[in-house]
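What follows is a single structure, written as structure tokens, with notes after it.
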Amino acid sequence: MLTASVTVDPAFVVGPVRPRTFGSFVEHLGRCVYTGIHDPGHPTADADGFRGDVIELARELGVTTVRYPGGNFVSGYRWEDGVGPVEQRPRRLDLAWHSTEPNWVGVDEFVRWCRKAGVEPMMAVNLGTRGVQDALDLLEYCNGTADTHFANLRRANGSDEPHGIRMWCLGNEMDGPWQIGHKTAEEYGRLAAETARAMRMVDPGLELVACGSSSSEMPTFGDWERVVLAESYEHVDYVSAHVYYYEEDGDLASFLASAVNMDHFIESVVATADAVRAAGKHDKRIAISFDEWNVWYQKRAESKVPEGDDWPVAPVLLEDRYNVADAVVVGNLLISLLRHTDRVHAASLAQLVNVIAPIMTEPGGRSWRQTTFHPFALTARHAKGEVLRLALSAPEYDTAKYGRVPALDAVVTHDAASGDVVVFAVNRSTGDDLELRTALRGLGQLRLVEAVSLSNPDHTWSATADDAASVLPRPNETATVSGEQLTAVLPPVSWSMLRLARA
Ligand code: AHR
């Protein structure tokens with residue numbers, strides 16, 4: 001049995017729990033939109049063709065914002081193709097995913113879906129094949145209130161009220177050579193700055209995200225952020241971060257430590273943004289929008305895009321089946337995002353449905369929760385108030401990828417109004433139970449409300465449409481509170497949530 005300790009005190013706060021940390025992403029990719037959120041023939045479909053079962057699952061997941069329409073897709077997208085009468089919309093080649101885009105869903109439908117799902121839309125503009133004018137046109141179409149062409153077009157298309165979209169991504173992964181319209185940091189930084197400046201002339205209150213690196217493994221990582229922010233600092237609020245290179249490739253010990261890498265990634269972007277702030281003598285600080293993150297098995301057959309003359313509509317693409325270890329890592333990546341809540345102000349689990357997603361569907365049929373659904377849903381539901389700083393002491397183990405890392409990772413939230421305290425913790429050990437002792441200083445008399453752990457003797461278990469419930473977060477009977485100390489035994493390869501309330 002390993003032992004580890006965590007100490008918290010409500011006087012020491014990282015920052016508020018931000019609802020936008022629990023965002024997700026819907027891209028026109030594979031079956032995310034078509035047969036994912038939209039499936040007119042489905043028994044639960046509404047008048048817009050949206051699946052009611054998926055909307056319910058998105059609500060249960062606790063998703064707060066949803067980024068749209070890409071991703072790589074947006075860099076070749078003409079948003080006008082997706083508005084107006086559906087039968088008149090053109091079919092287009094989607095070069096990003098070698099597919100055919102039928103444009104049955106566009107911006108108006110997406111915003112309607114967001115309203116039904118109770119989420120905030122977050123829009124990306126095409127800065128791959130397009131530029132400033134197109135971004136302005138889309139902004140006017142979505143948010144325009146005056147008697148002008150694109151605002152009137154939206155009204156004519158059935159949306160009298162403006163969509164009121166606050167958060168806008170200035171392109172997607174423009175550092176990536178795979179991106180349509182890929183740019184150098186200088187080229188993109190100028191374009192992002194001019195697009196942002198013009199969009200702010202329309203509405204100074206918009207929240208704008210400049211593209212950071214598509215991964216911290218990119219050869220341009222660091223320098224990209226420096227150059228892009230040097231050009232655009234005054235005009236944007238966020239720089240994005242994306243990460244997917246977490247996968248279990250035969251080295252479980254390293255995989256379970258993926259959040260160590262995410263911590264490093266976030267801290268490197270913060271350092272770079274703050275260096276630009278110092279050099280430019282700026283007052284404000286740039287926040288991070290971690291608007292694509294997940295485990296993704298990129299080398300598996302399901303991630304292979306169609307080729308040649310095959311341009312299918314909504315092909316099966318990136319449909320990873322997640323196991324228990326994947327869910328533990330996803331839970332741990334959320335711990336990392338919360339730990340950095342002072343600088344990570346938004347994040348999007350990529351993606352929402354079918355495509356590297358917590359929710360899966362059969363076309364016209366069943367839907368189910370993947371293992372990764374559970375730590376996300378429980379964290380989104382119960383992390384409230386403020387994230388507390390914590391002192392953590394844990395045994396370490398060796399990893400091939402990240403050196404020596406702690407066997408425990410944890411984050412603690414405290415809602416001063418209700419008195420609720422929640423500990424989210426991961427035991428990264430592949431073979432040992434870990435006794436976690438949490439010293440809850442100055443938080444008053446607390447009682448245990450709920451203790452659950454997600455683990456399984458076989459960490460490779462995955463949910464299917466036939467069996468999505470054999471392995472779920474289960475009550476952890478070892479959890480006890482005595483005075484200011486909470487103690488619980490966390491099984492190997494596990495994610496846990498321990499909830500306390502005023503006694
Ligand atoms: O989420 C899948 C893809 O990953 C997105 O389209 C792109 O932005 C990233 O490379």
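Whatever order the structure lists ligands and atoms in, that order sets their numbers, starting from 1. Starting from 1, each residue takes its place in the sequence as its number.
Using a cutoff of 4.0 Å between basic side-chain nitrogens and carboxylate oxygens, Glu302 and Arg321 are not scored as salt-bridged. A salt bridge does not link Arg366 with Asp53: none of the charged nitrogens is closer than 4.0 Å to a carboxylate oxygen.
Annotation: atom 1 (O) of ligand 1 to nearest protein heavy atom, Tyr244 OH, 2.7 Å. Closest to atom 6 (O) of ligand 1, if we only count protein heavy atoms, is Glu27 OE1, 2.6 Å. Among all non-hydrogen protein atoms, the one lying nearest atom 2 (C) of ligand 1 is Gln351 NE2, 3.5 Å.
Within ligand 1, counting atoms from 1 as listed, the ones closer than 4.0 Å to a heavy atom of Asn72 are 5 (C), 6 (O), 7 (C), 8 (O), 10 (O).
Contacts of Trp293 with ligand 1, taken as heavy-atom pairs under 4.0 Å, are absent altogether.
For atom 10 (O) of ligand 1, the nearest non-hydrogen atom from the set Glu173, His242, Gln179, Arg67 belongs to Glu173.
No hydrogens or angles considered: a donor-acceptor pair under 3.5 Å links the side chains of His163 and Asp108. Side chains of Thr361 and Asn354: a donor on one and an acceptor on the other come within 3.5 Å.
Taking the six-membered ring where tryptophan is involved, the planes of Phe290 and Phe265 are perpendicular, since the angle between them exceeds 60° and thus also 30°.
A 6.0 Å sphere centred on CD of Glu267 holds more than 12 heavy atoms belonging to other residues, nucleotides or ligands.
Taking only nitrogen or oxygen atoms, main chain and side chain alike, Asn172 reaches within less than 3.5 Å of ligand 1. For ligand 1, one of its N or O atoms has an N or O atom of Glu292 under 3.5 Å away.
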